[in-house]
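For ligands, and for the atoms within them, numbers begin at 1 and follow the listed sequence. Note that the structure is predicted; figures quoted are calculated from it, not measured.
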Amino acid sequence: MASNNDDMNRCLNIADLNRRAKRRLPVPIYNFLECGADDQYSSRHNCAAFDQLQIKARSLRDTSCVDLRTAVLGQELDWPVFLSPVGMTRMFHPDGELAAARAAANAGTLYTASTFSSVSMEQIAAETSGPKMFQTYVLADPVLSQEIIDRAKAAGYPAMCLTVDSIVGGNREEVIRSGMSIPLKLTLKSAFQFACKPAWVSNYLRGDKWQLANFVNAKSPAGAHYGLLEPRQSWEHAQHMIEQWQGPFAIKGIMSGEDAKRAVEIGATAVIISNHGGRQLDATPAPIELVREVREAVGPDIDVIVDGGIRRGTHVLKALAMGATACSVGRPYLYGLAAGGQAGIERALALLRSELERNMVLAGCSGITDINANLLRRAGFN
Ligand SMILES: Cc1cc2nc3c(=O)[nH]c(=O)nc-3n(C[C@H](O)[C@H](O)[C@H](O)COP(=O)(O)O)c2cc1C
């Protein structure tokens with residue numbers, strides 16, 4: 001019988017891992033991973049927008065030694081792609097966040113732990129000595145917010161990320177239609193879909209109960225999920241959190257040059273251009289379309305991260321050429337996790353990295369600093 005590693009090695013790109021994940025997950029869980037909000041324009045467009053850019057390869061350059069190393073949020077990475085925050089990761093595989101943190105460290109990149117993780121931030125931090133960041137929201141309870149920030153600092157996260165695009169949950173109709181809810185409540189339809197994936201069900205029944213692990217022992221009382229978030233969040237909240245953190249700080253969910261500039265003015269050291277993978281507001285531009293505007297707004301010294309729609313090494317190359325410092329990925333690593341646990345995530349990251357490296361050689365770039373706007377043109381005839 002083929003080993004899990006052999007099986008993962010048969011996946012030749014992120015789309016192969018996606019197909020494998022779809023085969024393994026019950027429909028409601030796969031839909032939760034994959035689906036965007038409303039008509040899913042943004043989740044589709046995040047990927048499709050990359051097709052509007054073409055790469056003008058430069059010839060006859062020495063690319064015998066390609067250096068992918070970079071620094072993001074004050075941490076050294078072996079290459080410029082890292083893992084976006086994802087809540088309740090154990091729903092895709094019982095090894096969940098711990099597998100993802102280990103895989104990121106093995107791949108020489110950064111893992112972002114979500115505040116809504118199914119394993120506590122302390123357990124995740126203890127699992128990896130690699131680069132890492134903790135992601136939070138503006139929480140309604142200021143005492144709880146301070147507590148979360150203090151715990152992240154004590155657990156050894158060098159950087160903090162504040163997500164600002166999720167005051168309410170996105171309208172993910174396919175997720176609702178397939179009967180998905182957290183905690184899981186079976187309907188007639190979803191019971192059948194879960195029954196079709198007995199291996200997943202067996203893992204679910206044998207594993208620990210899903211919970212928002214960071215809030216289980218919180219001193220302040222916590223409700224569930226969106227009930228925890230401050231509905232009147234403001235720039236003053238963000239500035240206060242930056243002052244509380246006093247270290248590298250990213251604001252995630254920035255979707256305009258204006259907001260990027262404001263983020264820097266209140267002390268953020270990085271902005272993550274993101275529409276939450278198209279899971280929140282639909283009809284937004286794709287993050288890749290906003291890189292130039294955001295880079296112009298924040299200047300050369302701020303980390304600009306592109307998050308959303310990255311599925312290929314060429315996508316990373318295009319994002320860097322537009323002016324991004326690095327990219328981060330959500331679904332690509334979740335496909336890997338669902339398909340094969342830690343080995344699947346490592347496969348996803350290895351594929352993206354080897355594609356990027358090959359594309360850089362083919363485009364005539366031997367280092368990140370060789371990648372610039374001269375490499376790009378818009379699709380179509382001059
Ligand atoms: C299943 C799932 C759960 C997510 N949970 C969070 C979260 O807890 N916090 C957050 O800031 N973003 C969350 N995101 C958004 C990701 O961090 C990221 O912005 C998005 O996945 C990027 O798009 P991509 O999936 O096309 O790479 C989640 C995304 C998915 C798919």
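- In terms of N/O distances under 3.5 Å, ligand 1 is not approached by Ser84.
- Hydrophobic clustering, with ILVMFWY side chains joined whenever heavy atoms are under 4.5 angstrom apart, keeps Phe82 apart from Ile371.
- Which of Tyr137, Phe116, Tyr335, Phe92 comes nearest to atom 7 (C) of ligand 1 through a heavy atom is settled by distance: it is Tyr137.
- Within the cation-pi definition used here (under 6.0 Å to the ring centroid, within 45° of the axis), Arg279 qualifies as a partner of Phe32.
- Closest to atom 5 (N) of ligand 1 by heavy atom, among Gly87, Pro287, Ser328, Gly330, is Gly87.
- Residue nearest to atom 30 (C) of ligand 1, selected from Arg279, Gln280, Arg172: Arg279 (by heavy-atom distance).
- With Asp7 as the partner, the salt bridge (Lys or Arg N to Asp or Glu O under 4.0 Å) test is satisfied by one option alone out of Arg23, Arg347, Arg24: Arg24.
- Assignment of Arg311 to the shell around ligand 1 is supported, since a heavy atom sits closer than 4.0 Å.
- Looking at Gly309 next to ligand 1, an N or O pair under 3.5 Å apart turns up.
- Looking at atom 16 (C) of ligand 1, its nearest protein heavy atom turns out to be Pro85 O, 3.4 Å.
- Residue Leu33 has at least one heavy-atom neighbour below 4.0 Å for each of these atoms of ligand 1: 31 (C).
- Ligand-side atoms of ligand 1 in range of Pro332: 27 (O), range being under 4.0 angstrom from any heavy atom.
- Ring orientation note: the planes of Phe50 and His315 are close to parallel, at an angle under 30° on the 30°/60° scale.
- Under the ring pair (Phe, Tyr, Trp, His ring centres under 6.0 Å) criterion, the residue pairs touching residues 138-164 are Phe134-Tyr157, with sequence neighbours excluded.
- Partner of Leu33 under the side chain to side chain contact (heavy atoms under 4.5 Å, CB included) criterion, chosen from Val86, Leu337, Leu334, Asn18: Leu334.
- Checked against Pro80 for a side chain to side chain contact (heavy atoms under 4.5 Å, CB included), the options Leu356, Val72, Thr325 give a single hit: Leu356.
- For atom 11 (O) of ligand 1, the closest non-hydrogen atom of the protein is Thr163 OG1, 2.7 Å.
- Not a single heavy atom of Ile310 lies less than 4.0 angstrom from ligand 1.
- Of the protein's non-hydrogen atoms, the one nearest atom 8 (O) of ligand 1 is Ser114 OG, 2.8 Å.
- Side-chain N/O atoms of Arg58 and Asn374 include no donor and acceptor closer than 3.5 Å.
- Connection of Val316 to Leu83 is established within a shared hydrophobic cluster, with ILVMFWY side chains joined at heavy-atom distances below 4.5 Å, either directly or through further cluster members.
- Looking only at heavy atoms of the protein, atom 15 (C) of ligand 1 is closest to His276 CD2, 3.5 Å.
- Atom 24 (P) of ligand 1 has its closest protein heavy atom at Arg331 NH1, 3.6 Å.
- If you check which protein heavy atom lies closest to atom 19 (O) of ligand 1, you get Asp307 OD2, 2.5 Å.
- When Asn46, Val86, Ile273 are ranked by how near their heavy atoms come to atom 4 (C) of ligand 1, first place goes to Val86.
- For Glu289 and His45, the side-chain atoms include at least one donor-acceptor pair closer than 3.5 Å.
- Scanning the protein for heavy atoms near atom 12 (N) of ligand 1, the closest one is Lys252 NZ, 3.0 Å.
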